[in-house]
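What follows is one structure encoded as C-alpha cells, with my remarks underneath.
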Amino acid sequence: MTDNRTHRVAVIGAAGRMGATVCRAVDAASDLALVGRYDLGDDLGDLGGAEVVVEFSVPSASLANVVACVERGVHVVVGTTGWDEAKLSALRATVADHPGVGVLIAPNFAVGALLMMRFAREAARFYESVEVIELHHPGKVDAPSGTAARTAALVAAARVDAGLPPVPDATTHDPGGARGASVDGIPVHAVRLRGLVAHQEVLFGTEGEALTIRHDSFDRISFMPGVLHGIRGVAAHPGVTVGLESYLGLD
Ligand code: NAD
C-alpha cells in the first residue's frame, strides 16, 4: 500500500545484512513504503516506481547500481563503502545530466560515528600522535573501513591547518606491515573479529597524556536512523553529497 505514505523506497542489496535491515526499517516507518527489493542478478526494471533507492551492495557493484538509478531519475542513498575520487567523478558526470536528482553517499550512517569524526577533528591539533583502529566483523571485504579512512583524512587536514609536523615514529624495519596502513600520513589499523559489528577508536597522545575517542555499533539497527534521515532528505539535496554530516548540521 502506498496511498498515504510520502516516499516510495526500493532497496538494492536487499538480501544482504544491511539491505535486509533497511527493508525492515522502511517497512516499519509509517511515512515510507517499500516498493522493491533487488539483489545480485536482478533486473532493476523501473525500480518498482521508487522515488528513492537505498543501495548497500559491494564496492565493485555500487557505481553501476547508483548510475542506473540516477539514469532513471531516482534519488539514491548509498551506504556501500569503497567510493574513491575516480568513482565519485564518474558519478558526478552522470548526475550533472540529471540535475534534479540527489545522491547521498554516506560512509557511516551511525550518528555516534559522525560525532566521533567531528570530535576527532577538533582534538587533532592538540596532540602530537594519532592512530586510528577500526574493528569489524570478519565478513567485511574492504579495509580500512570508509569511516576510518575519512577520520584519518579529517584529522590529517586539521593537523596541516594547525601546522603540525608528521606524527612521530622511529620505525625503520616493518616487513610485515605491523604499523598498519598510512592514510594521509595517519596510521590506520584494521581488526577483523567474529562477534563484532562496527567499531572504531581514535587514539591521541602527547607528553604524559592520551585521549581515546571510541564509537561502537553493536547492531546494524544503529545505522537505521541515519538511513531513514537520508531517505527523507535526499530529494531536497540535488547533486552528489558525501557524508550525512551536512544533512545533520554537523559539517
Ligand atoms: P553483505 O555482503 O551482507 O550484503 C551485500 C549484498 O549485496 C549481498 O546480498 C549481495 O548479494 C549483494 N550484491 C552483490 N553484488 C550486487 C550487485 N551487483 N547488485 C546488487 N546487489 C549485489 O554486506 P553488508 O554487510 O550488508 O554491507 C554492504 C555494504 O555496506 C558494504 O560495502 C559495507 O562496508 C557497507 N556498510 C556501510 C555502512 C554505513 O553506515 N554506510 C554500515 C555497514 C556496512
Side-chain angles (χ1 to χ4, degrees), residues 9-26 36-45 47-48 50 52-72 74 76-84 87-88 91 103-118 134-151 188 190-200 215-231 233-234 240-248 250:
V9 182
V11 176
I12 297 181
R17 288 167 288 228
M18 287 300 292
T21 311
V22 172
C23 288
R24 285 193 293 275
V26 168
R37 299 170 192 243
Y38 303 89
D39 206 272
L40 180 61
D42 291 341
D43 178 1
L44 298 179
L47 287 163
V52 178
V53 160
V54 180
E55 207 272 356
F56 274 97
S57 65
V58 289
S60 57
S62 192
L63 174 62
N65 284 335
V66 178
V67 163
C69 298
V70 172
E71 285 173 342
R72 289 162 170 79
V74 176
V76 200
V77 173
V78 187
T80 310
T81 47
W83 284 83
D84 55 23
K87 289 183 188 176
L88 283 172
L91 175 61
V103 179
L104 168 64
I105 296 176
N108 200 317
F109 282 103
V111 172
L114 303 181
L115 290 170
M116 169 186 63
M117 284 189 265
R118 186 186 172 113
E134 56 98 326
L135 311 91
H136 283 82
H137 60 88
K140 183 169 176 56
V141 295
D142 53 325
S145 71
T147 301
R150 193 168 165 81
T151 305
V188 179
V191 175
R192 296 293 173 264
L193 204 69
R194 184 74 68 205
L196 297 183
V197 177
H199 315 258
Q200 182 170 299
H215 175 258
D216 297 275
S217 278
F218 299 116
D219 189 292
R220 291 180 179 82
I221 201 83
S222 66
F223 302 113
M224 294 307 114
V227 172
L228 297 185
H229 199 84
I231 292 171
V234 67
V240 178
T241 304
V242 178
L244 187 63
E245 292 89 329
S246 63
Y247 282 41
L248 298 174
L250 285 174

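Atoms within each ligand, like the ligands themselves, are counted from 1 in listed order. What you are looking at is a predicted structure, and each value in this text was computed from that prediction instead of being measured.
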Compute whether any side-chain donor of one residue and acceptor of the other, for Thr147 and Glu134, lie under 3.5 angstrom apart.
no
Can any side-chain N or O of Ser222 pair as donor or acceptor with the backbone N or O of Asp219 at less than 3.5 Å?
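Yes: the side chain of Ser222 pairs with the backbone of Asp219.
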Between the side chain of Lys87 and the main-chain N/O of Pro59, is any donor-acceptor distance below 3.5 Å?
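Yes, the answer is positive, given that a donor and an acceptor are paired below the 3.5 Å cut-off.
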Under 3.5 Å: N or O atoms of ligand 1 paired with protein N or O:
from, atom 1, to, atom 2, distance (Å)
ligand 1, 2 (O), Arg17, NH2, 3.4
ligand 1, 3 (O), Arg17, N, 2.8
ligand 1, 3 (O), Arg17, NE, 3.0
ligand 1, 3 (O), Arg17, NH2, 3.4
ligand 1, 9 (O), Gly16, N, 3.1
ligand 1, 9 (O), Asp39, OD1, 3.2
ligand 1, 9 (O), Asp39, OD2, 2.8
ligand 1, 11 (O), Asp39, OD1, 2.5
ligand 1, 19 (N), Asn65, ND2, 3.3
ligand 1, 21 (N), Leu40, N, 3.3
ligand 1, 25 (O), Arg17, NE, 3.0
ligand 1, 26 (O), Arg17, N, 3.3
ligand 1, 26 (O), Met18, N, 2.8
ligand 1, 32 (O), Thr81, N, 3.2
ligand 1, 32 (O), Thr81, OG1, 3.2
ligand 1, 34 (O), Thr81, OG1, 2.9
ligand 1, 34 (O), Lys140, NZ, 3.1
ligand 1, 40 (O), Phe109, N, 2.9
ligand 1, 41 (N), Gly79, O, 3.1
ligand 1, 41 (N), Ala106, O, 2.8
ligand 1, 41 (N), Pro107, O, 3.1

Taking 4.0 angstrom as the limit, do Asp39 and Arg37 come out as a salt bridge?
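A salt bridge is absent here (no side-chain N lies under 4.0 Å from a carboxylate O).
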Minimal non-hydrogen separation, Leu244 against Gly226, with atom names
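Leu244 and Gly226 have their closest heavy atoms at CD2-CA, 3.7 Å.
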Scan Arg118, Gln200, His215 and name whichever one has a side-chain hydrogen bond (donor to acceptor under 3.5 Å, both in side chains) with Thr151.
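Only match with Thr151 under side-chain hydrogen bond (donor to acceptor under 3.5 Å, both in side chains): Gln200.
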